[in-house]
Amino acid sequence: MTTLTNANLVLPDGVHDGSLRIEDGRIAAVSPASPPPGDDIVDLGGRHVVPGFVDIHVHGGAGASYQAGRDDEVRKGVAFHRAAGTTTTMASLVTGDRRDLADAVSRLADLAADGLIAGIHLEGPYLSPARCGAHDPDLLRPPDRDEFRRLVALGRGHVRMITLAPELPGALDLVRDAVDAGVIAAVGHTEAPGETARAAFEAGARVATHLFNAMRPLHHREGGPIAAALGDPRVTVELINDGVHVEPAVARLAFAAAGTARVALITDAMAAAGMGDGDYRLGVMDVEVRAGRATLAGGGSIAGSTITMADGFRRAVTHVGLPIEKAAEAASLTPARALGIDSRTGSLEPGKDADLLVLGPDLTVERVMKNGHWL
Ligand SMILES: [Zn+2]
């Protein structure tokens with residue numbers, strides 16, 4: 001049993017001086033009257049403690065691709081992000097051919113069963129060629145319900161999300177199939193007008209994939225998927241808060257429109273995260289990273305990010321201007337709720353997993369605890 005004392009606890013309703021008691025990998029109590037005798041006492045010297053981050057959209061890190069890497073490489077990528085505070089992670093797959101996706105899904109399902117990742121996110125292959133971003137346009141295809149069913153079966157319950165463009169033929173049927181299979185449908189990489197995006201949300205889609213990026217932009221006479229997502233209280237919008245994909249003023253607009261309960265910070269990080277400038281792969285596409293900015297080789301679309309959740313969280317405070325408890329909500333509780341795992345993680349509340357971070361004075365991540373164990 002461990003009690004963390006002299007902490008600044010970042011709780012859903014604000015920051016409070018207090019202590020946390022950890023028992024059997026879970027949070028046993030928040031600010032108990034006094035730690036029971038026999039506990040290990042860790043004095044945090046007034047540091048902030050926030051819930052561990054939940055990244056629902058990430059492709060890799062530390063040189064490793066979750067799509068192409070061997071198991072040990074995937075573990076290395078997950079460990080890199082975990083050290084930066086991501087205690088719960090999805091593994092996102094970009095568009096690939098049938099065989100590539102099937103192989104990646106079966107391999108990652110084993111790692112999800114081991115608890116390394118929280119699930120698999122299929123980002124494609126049913127995306128709009130007009131908004132393909134860093135996805136190989138030659139591999140995009142119309143929604144294929146049989147292929148999707150096979151991927152879900154190969155995933156053995158671990159395919160948890162699919163991003164698709166709702167304007168494609170059969171897309172709304174696929175949204176309904178996803179809902180029936182317990183897979184979160186996400187609207188993204190789309191040229192859809194608002195009406196079509198709203199139809200997808202009516203059909204059960206509940207997430208907008210990296211809002212603003214790779215979708216029809218907001219126009220005042222045709223709000224498109226952005227206005228549709230921000231205007232629907234059932235929908236969580238993902239935001240890549242790296243200052244490259246979305247500038248702070250626009251991030252502020254998203255938070256003002258949807259609140260931190262509906263904006264989930266994501267990294268959309270690729271293998272280059274944590275690696276510095278160089279040449280990398282995202283799926284089958286060549287990507288170059290210069291000054292931390294990832295683009296398709298030869299100039300072109302921005303291609304994923306190189307940030308960690310810690311970077312996005314810190315920028316939400318320093319550049320967007322959110323109070324720390326609101327930034328923590330967007331980085332942890334909101335994505336956990338979108339995934340349906342908020343009874344286990346996402347906030348510092350009794351009964352939840354002891355997934356938490358100790359922050360330094362400049363909001364850097366100093367220590368990471370996952371399931372009650374320090375990394
Ligand atoms: Zn992505």
Side-chain angles (χ1 to χ4, degrees), residues 53-62 64-69 74 77-78 80-81 86 88-96 100-101 104-105 108 117-137 139-140 151 159-165 183-190 205 207-215 225 229 236-242 244-246 263-274 280-289 292-296 300-309 311-312 331 335 338-339:
F53 302 137
V54 177
D55 192 355
I56 59 175
H57 187 157
V58 51
H59 300 270
S65 154
Y66 296 157
Q67 190 144 356
V74 175
V78 170
F80 163 74
H81 283 288
T86 300
T88 301
T89 189
M90 294 280 276
S92 300
L93 301 178
V94 295
T95 294
D100 168 38
L101 285 181
V105 165
L108 290 169
I117 58 173
I120 301 161
H121 163 215
L122 300 169
E123 188 179 15
Y126 318 130
L127 307 176
S128 164
R131 297 284 171 190
C132 61
H135 293 247
D136 183 349
L139 294 176
L140 298 178
L151 290 171
V159 172
R160 298 286 298 116
M161 191 178 324
I162 180 167
T163 294
L164 79 175
V183 177
I184 298 152
V187 168
H189 287 274
T190 172
V207 168
T209 298
H210 42 55
L211 194 77
F212 303 111
N213 298 114
M215 60 177 63
T236 301
V237 303
E238 297 179 350
L239 194 73
I240 310 173
N241 192 36
D242 62 350
V244 172
H245 287 77
V246 180
V263 179
L265 298 182
I266 58 164
T267 62
D268 198 12
M270 39 105 52
Y280 300 90
R281 301 272 285 177
L282 180 63
V284 297
M285 307 296 270
D286 291 314
V287 171
E288 55 189 34
V289 177
R293 185 185 165 101
T295 56
L296 290 182
S301 176
I302 41 177
S305 87
T306 58
I307 61 165
T308 62
M309 285 296 286
D311 297 326
L339 266 191

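Because only heavy atoms are used, hydrogens play no part in the values below, and waters and symmetry mates are left out as well, while side chains stay in. Counting starts at 1 for both ligands and their atoms, following the listed order.
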- side chain to side chain contact (heavy atoms under 4.5 Å, CB included) between Tyr126 and Ile162: does it pass, once the steps are laid out? CA-CA 9 Å; Tyr126 318 130; Ile162 180 167; 4.0 Å; yes
- Message: As a quick check of understanding, evaluate side chain to side chain contact (heavy atoms under 4.5 Å, CB included) for His121 and Ile56, giving each step before the final call.
- Response: CA-CA 8 Å; His121 163 215; Ile56 59 175; over 6 Å; no
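Legend: protein N/O/S atoms lying under 2.8 Å from the Zn ion (ligand 1), waters omitted, number 4.
Listed by chain and number, the residues in a salt bridge (charged side-chain N to carboxylate O under 4.0 Å, His left out) with Arg281 are Asp286 (sequence neighbours excluded). Checked against ring-ring contact (aromatic ring centres under 6.0 Å, His included), His81 has no partners two or more places apart in sequence or in another chain. Every side chain to side chain donor-acceptor pair (under 3.5 Å) that Thr190 has, sequence neighbours left out, goes to Glu167.
The two residues Met215 and His210 make their nearest non-hydrogen contact at CE-O, 4.1 Å.
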